[in-house]
Participant: 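Here it is: the structure, laid out below.
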Amino acid sequence: MLLMKSNQSVFRALLSISALFIFFLILSVWRITATNESISFGRRQTSVEVTLVSGVNQLGMDGEYEECSKEHSQFTAVTQWSLKFPEVLILADDWSVCAAALQIGKRTNGNIKCHQHTCMHPEYGRPIVPCLLHDAFELATTDYVLFTNSDLAYFNVVPAVTISEEMFEERFALLGRRRDIDFQHECKMKTKDTAMLDQILNAPGKLHDPYGIDYIVLPRNAIPTVIKDMPDFLIGLWKWDNWLVDTCIHKGINLVDVTNVLQAIHLQSTTEDHRGRKGYGHNKDLYSTFYKLGPDKHLLDDPFPVGLGTVDFAPFYINNQEVLRRWCYFDVGKEFQSCRNRPVREDITSR
């Protein structure tokens with residue numbers, strides 16, 4: 001009799017364990033199914049979030065700037081960022097910039113954070129790019145970072161990231177050609193009226209040549225790898241973006257041209273030639289030294305520098321929500337990668 005009761009207790013215990021196992025199995029299947037049904041591009045249960053990061057040196061209080069000036073274009077850009085991004089990180093030259101940025105955030109109900117950086121170059125008075133990117137890595141709270149010059153506005157960033165993440169998980173970087181609009185003309189409209197911003201930023205413009213990029217989108221955790229050994233390029237001048245293109249390619253980070261998806265709008269407030277800006281020669285010499293070209297090589301003054309990190313050398317591009325591969329080759333003699341402008345469909349999952 002005692003043995004029978006003991007056997008019944010063991011049976012009930014086994015039955016309870018089996019029932020519990022079946023419950024958790026059903027729960028796991030349900031969660032997998034729910035995930036696949038709720039995410040159009042696959043792997044995520046939550047939406048992609050991107051922090052926009054920019055070094056800003058001029059940002060007047062609302063109305064306290066000369067109309068159509070660089071300050072005005074930066075005010076317009078920061079306003080648009082605050083409306084479009086879940087987190088905006090301003091790396092400011094001084095606290096007056098932070099005060100103006102936080103005022104914009106309050107007016108737009110945006111999440112603007114401001115940090116006074118310590119990245120200023122002692123001679124040229126411009127922030128150093130790898131230092132700013134290190135601050136972005138330390139202070140951003142989202143999985144992805146869009147690092148940009150301070151006079152651009154952006155649309156469709158999340159779709160570009162989502163499509164690329166589906167293909168490459170977190171081993172990718174995004175860039176593209178910007179569209180230049182005549183801000184000196186468009187700023188005559190009321191740019192402080194947030195309801196009119198989209199209308200202003202969708203004004204007719206010109207697609208910039210492939211060498212002028214001014215932004216890059218990176219997984220936040222990839223930033224230390226990307227900026228390792230990066231020379232002290234100055235922000236707001238040429239070549240820092242081209243260097244990042246080449247570096248991503250050589251470090252095996254899948255570089256994607258998102259011109260067809262992500263809209264980067266350059267609020268062009270001046271026709272000033274960048275060759276006249278303080279620090280222009282500094283960036284040029286750093287780039288020359290890195291590629292062992294010598295500072296007097298004409299290649300660096302070519303508006304279409306072959307093999308020097310332009311948009312067209314991204315091995316991948318997006319078209320109709322699909323990642324496609326370009327035909328690229330590595331020039332052993334000149335030690336750089338080049339891609340032809342004849343896209344070729346391939347099974348990039350075999351990469």
Side-chain angles (χ1 to χ4, degrees), residues 129 146-149 151-157 160-161 163-164 172-182 204-218 226 230 233 235-251 253-268 271-275 277 280 283-284 286-288 290-291 293 297-320 322-331 334-345 348:
V129 174
L146 190 166
F147 182 76
T148 176
N149 280 350
D151 56 354
L152 285 92
Y154 293 92
F155 297 91
N156 300 326
V157 176
V161 173
I163 294 168
S164 303
F172 65 88
L174 310 180
L175 77 166
R177 295 172 68 179
R178 69 178 194 246
R179 182 162 58 87
D180 298 326
I181 68 169
D182 184 0
K206 179 183 178 182
L207 197 64
H208 199 82
D209 293 317
Y211 63 87
I213 305 166
D214 290 352
Y215 78 91
I216 189 166
V217 182
L218 291 165
V226 171
M230 184 177 190
F233 288 109
I235 196 67
L237 298 169
W238 69 337
K239 295 303 177 188
W240 67 264
D241 44 5
N242 307 120
W243 187 93
L244 286 175
V245 170
D246 288 337
T247 294
C248 287
I249 291 173
H250 284 86
K251 292 187 176 182
I253 296 173
N254 298 296
L255 198 63
V256 185
D257 175 2
V258 293
T259 303
N260 294 332
V261 181
L262 190 157
Q263 296 181 55
I265 313 299
H266 181 218
L267 310 178
Q268 191 165 318
T271 56
E272 172 196 7
D273 189 338
H274 69 105
R275 290 173 173 82
R277 296 177 188 171
Y280 161 84
N283 277 17
K284 175 181 177 180
L286 286 178
Y287 205 83
S288 301
F290 183 81
Y291 284 96
L293 297 173
K297 287 286 186 180
H298 297 296
L299 188 59
L300 287 175
D301 295 313
D302 186 342
F304 301 98
V306 178
L308 295 182
T310 70
V311 172
D312 286 342
F313 299 153
F316 304 96
Y317 73 109
I318 294 178
N319 190 41
N320 294 326
E322 183 181 8
V323 180
L324 302 174
R325 180 186 282 173
R326 287 193 173 115
W327 175 52
C328 303
Y329 65 93
F330 188 79
D331 190 320
K334 297 181 180 179
E335 296 186 352
F336 54 70
Q337 174 162 314
S338 180
C339 296
R340 295 292 178 88
N341 268 343
R342 294 185 297 172
V344 177
R345 287 176 179 267
I348 66 177

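Each residue takes its place number in the sequence, starting with 1. Only this structure's heavy atoms are used, side chains among them; waters, hydrogens and symmetry mates stay out.
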Participant: Determine whether L218 and F147 make a side-chain contact, defined as any pair of heavy atoms from C-beta on separated by less than 4.5 Å.
Facilitator: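 A side-chain contact is absent here, since even the closest heavy-atom pair is not under 4.5 Å.
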Participant: Mind checking whether I318 and V258 have side chains closer than 4.5 Å, heavy atoms only?
Facilitator: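 Answer yes - side chains close enough.
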Participant: Do F316 and F172 have their ring centres less than 6.0 Å from each other?
Facilitator: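 No, too far apart.
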Participant: Counting neighbours of NZ on K206 that are heavy atoms of other residues, nucleotides or ligands and sit closer than 6.0 Å, is the number greater than 12?
Facilitator: no
Participant: Only one of L237, V129, N242 clears side chain to side chain contact (heavy atoms under 4.5 Å, CB included) with N283; which?
Facilitator: L237
Participant: For the pair D241 and L175, evaluate side-chain contact (heavy atoms from CB on, under 4.5 Å) and give the outcome as yes or no after the intermediate values.
Facilitator: CA-CA 9 Å; D241 44 5; L175 77 166; over 6 Å; no
Participant: Nearest 0.5 Å please: distance from the OG1 atom of T148 over to the CG atom of D214.
Facilitator: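 Spacing of OG1 (T148) from CG (D214) equals 6.5 Å.
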Participant: Can you tell me how far CD1 of I249 sits from CG of L244, rounded to the nearest 0.5 angstrom?
Facilitator: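 Rounded to the nearest 0.5 Å, the CG-CD1 separation comes out at 11.5 Å.
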Participant: Ignoring hydrogens and geometry, is there a side-chain-to-backbone donor-acceptor pair from Y215 to L174 under 3.5 Å?
Facilitator: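 Not confirmed, Y215 side chain does not pair with L174 backbone.
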Participant: Could you state the interatomic distance from NZ (K239) to CD1 (I213), rounded to the nearest 0.5 Å?
Facilitator: 9.5 Å
Participant: Can you tell me how far the CG atom of D209 sits from the OG1 atom of T310, to the nearest 0.5 Å?
Facilitator: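 OG1 of T310 is found 10.0 Å from CG of D209.
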Participant: How many angstroms lie between atom CD1 of I216 and atom SG of C248, to the nearest 0.5 angstrom?
Facilitator: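 If we round to the nearest 0.5 Å, I216:CD1 and C248:SG are 4.0 Å apart.
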Participant: In Å and rounded to the nearest 0.5 Å, what is the CG to CG distance from L152 to L267?
Facilitator: 6.5 Å
Participant: Looking at every heavy atom in both R178 and H266, which two are closest together, and how far apart are they?
Facilitator: NE-ND1, 3.4 Å
Participant: Taking all atoms of both residues into account, what is the closest heavy-atom pair of I181 and G205, and its distance?
Facilitator: CG2-CA, 4.1 Å
Participant: Tell me, with the steps shown, if F155 and I265 meet side-chain contact (heavy atoms from CB on, under 4.5 Å).
Facilitator: CA-CA 8 Å; F155 297 91; I265 313 299; 4.2 Å; yes
Participant: Which residues pass the side chain to side chain contact (heavy atoms under 4.5 Å, CB included) test with D257, sequence neighbours left out?
Facilitator: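 Only T259, V311, A314, Y317, R326 meet the side chain to side chain contact (heavy atoms under 4.5 Å, CB included) criterion with D257.
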Participant: Can you find a heavy atom in the side chain of I163 that is under 4.5 Å from one in the side chain of V323?
Facilitator: yes
